[in-house]
Amino acid sequence: MENEDKNRVPKLRYPGYTDPWVQRKLGDITKSFSGGTPSVRKKDYYAGKIPFIRSGEISHHVTKLYITNEALKNSSARMVEKGDILYALYGATSGEVAISDIKGAINQAILAIKPIKNDNPYIVYQWLKKQKGRITSTYLQGGQGNLSGSIIKGLFITLPINLNEQEAIGSLFKKLDDLIALQQRKIEHLRKRKAGLLQKMFPKDGADVPEVRFPEYTDAWVLRKLGGISDNTFGGGTPKTSEKKYWNGTIPWIQSSDLTINNLFLKKTKKFITENAISESATKVVPAQSIAVVTRVGVGKLALIPFTYTTSQDFLSFSNLNIDKYFAVYNMYALLKKYLKIYKEHQLRELLNLIYWTKKYMYPILLKNSKPSVLYSKKSTASSFFNSENLNTSNYKKEDFYNKCLFKSEKIRRLH
């Protein structure tokens, strides 16, 4: 019994609380219910003002669908209040849990949970969040199947017996979650600003100047092939995975899964190879500060690599760049995003030779050995923008930076 009590005491605890925590069945300390879906055949049911929360929206501030009171009365949909615990039972989000941020109706894929014995809802929410991996691995074989209300209600949760301790812990995690949410909103706001700048700071089709520019630059942009922005290009290869002498070396080896679609700056790789791998396979050593572009599976991903590296055959690397490295990676990123909106992935793979080596694009500078443009004399200014993931280290304060960008016309004053 003494060992059992020790197992129910957390390692980190607020001072003044010494009692062991107690174990309770979730169904004994909460009430819970699921909802339903109004008939989709009755379109007027979905022309109301009641947020209709689906399993993928349990943490959202708004919903895609809104239903009427009539829909609520004539279906199994159930209302939940702001602050209720919502647990996703079905689909890709099975096991996800959130505190509802809105009052609305839920469908059958959500279990609403409400404490009934004064237990802090936030500590129950945090426990369910922590237990997601164990719950899904136990009850969803291979990620398939559904959870159920009876499964969740049958879980045993360990809680502080002292409600003041519950309140202190719940309050702490709520403050942390609120801070995380605030930072995420700031990040999303910056991403939208960045997307707006990417559209406005590159010339549109048929134009030779962008809509928005730094005020000190007035020259027209010039046409150049994308493949001509670097002195060298490198392909790659995969050393035999069965040869141990090729792997676990010191040379970074990049594969497509190392890159993500919107992260343009790779800091580390998962795998490393040896000198033997380089001499006995098709992979090549690529100099630092090159741009690696995925050309096969995962086309559309690219990154500026700050270290010497090697790649699989899924990459084309542009090395010894003739233009500012940050401009180059964002220019490629903008072009690939444009083409991905037009073509499917397999179509784009077939068009890469055209995109890189034949078609011409607008650039604000001339290539090496040509008449230098003013951008070279102002390279630090260009870098401070195109390294926007690290704006806090640039010479500009963020607001000063955005104001500098928006000088083009009287009507473009702010980026909102």
Side-chain angles (χ1 to χ4, degrees), residues 24-132 135-157 170 174 177-178 181 184-185 188:
R24 296 283 186 267
K25 186 182 285 188
L26 194 59
D28 292 340
I29 63 169
T30 64
K31 67 176 182 179
S32 56
F33 56 86
S34 292
T37 300
S39 174
V40 294
R41 295 179 180 178
K42 297 193 175 183
K43 293 183 179 179
D44 54 320
Y45 278 179
Y46 293 88
K49 296 182 179 180
I50 302 170
F52 185 57
I53 306 168
R54 294 172 294 176
S55 60
E57 300 172 320
I58 59 175
S59 61
H60 291 191
H61 302 289
V62 295
T63 59
K64 186 175 181 180
L65 301 176
Y66 290 80
I67 62 173
T68 62
N69 282 314
E70 193 70 17
L72 191 62
K73 291 177 184 178
N74 294 297
S75 73
S76 299
R78 297 278 299 274
M79 291 295 295
V80 295
E81 301 293 327
K82 183 176 180 179
D84 286 348
I85 302 168
L86 302 183
Y87 194 91
L89 299 173
Y90 307 163
T93 56
S94 291
E96 295 288 336
V97 62
I99 297 286
S100 181
D101 199 49
I102 56 176
K103 179 179 179 179
I106 59 172
N107 68 7
Q108 65 277 10
I110 298 172
L111 184 71
I113 304 171
K114 298 172 180 270
I116 57 175
K117 295 188 176 180
N118 296 319
D119 292 297
N120 186 282
Y122 216 83
I123 201 170
V124 175
Y125 153 71
Q126 288 292 342
W127 182 85
L128 285 168
K129 190 175 181 180
K130 180 184 176 185
Q131 297 296 317
K132 179 190 173 183
I135 293 169
T136 54
S137 64
T138 301
Y139 298 102
L140 299 180
Q141 289 74 31
Q144 301 299 314
N146 298 323
L147 297 172
S148 67
S150 60
I151 289 173
I152 304 306
K153 288 187 285 186
L155 299 173
F156 283 89
I157 180 174
K174 185 177 188 310
D177 278 348
D178 288 346
Q184 288 174 336
R185 286 195 290 273
E188 186 58 33

From [atom1] ([X]) to [atom2] ([Y]), nearest 0.5 Å:
X	Y	atom1	atom2	answer
Asp28	Phe156	CG	CZ	7.5 Å
Asp84	Leu111	CG	CG	11.0 Å
Leu155	Lys25	CG	NZ	10.0 Å
Ile106	Ser34	CD1	OG	6.0 Å
Lys174	Tyr122	NZ	OH	6.0 Å
Leu86	Ile102	CG	CD1	8.5 Å

Within a strict 4.5 Å, meaning less than it, do heavy atoms of the [X] and [Y] side chains meet?
X	Y	result
Gln108	Asn146	no
Glu57	Phe52	no
Ile152	Leu89	yes
Val124	Leu26	yes
Thr37	Arg54	no
Val97	Tyr87	yes
Ile85	Ile99	yes
Met79	Ile50	yes

If you count heavy atoms of other groups shown closer than 6.0 angstrom to NZ of Lys114, is the number above 12?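 Yes.
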
Are Glu96 and Ser55 close enough that a side-chain donor and a side-chain acceptor fall under 3.5 Å?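 No.
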
So, Thr30 versus Ser32: side-chain donor-acceptor pair below 3.5 Å or not?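 Ser32 and Thr30 do not have a side-chain donor-acceptor pair below 3.5 Å.
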
For Lys103 and Val80, run side-chain contact (heavy atoms from CB on, under 4.5 Å): C-alpha distance rounded to whole Å, both residues' side-chain angles, the deciding distance at 0.1 Å, then the answer. CA-CA 6 Å; Lys103 179 179 179 179; Val80 295; over 6 Å; no

Run Ile67 and Tyr45 through side-chain contact (heavy atoms from CB on, under 4.5 Å) and show every step you take. CA-CA 5 Å; Ile67 62 173; Tyr45 278 179; 5.6 Å; no

side-chain contact (heavy atoms from CB on, under 4.5 Å) assessment of Lys129 paired with Asp177: CA-CA 12 Å; Lys129 190 175 181 180; Asp177 278 348; 4.2 Å; yes

Sub-3.5 Å donor-acceptor pair from the side chain of Tyr46 to the main-chain atoms of Pro38, do we have one?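 Yes, Tyr46 side chain to Pro38 backbone: donor-acceptor pair under 3.5 Å.
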
Among Leu128, Ile135, Thr136, which one satisfies side chain to side chain contact (heavy atoms under 4.5 Å, CB included) with Lys132?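 For Lys132, the side chain to side chain contact (heavy atoms under 4.5 Å, CB included) test succeeds with only one of Leu128, Ile135, Thr136, which is Thr136.
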
Worked check of side-chain contact (heavy atoms from CB on, under 4.5 Å) between Ile110 and Ile58: CA-CA 8 Å; Ile110 298 172; Ile58 59 175; 3.7 Å; yes

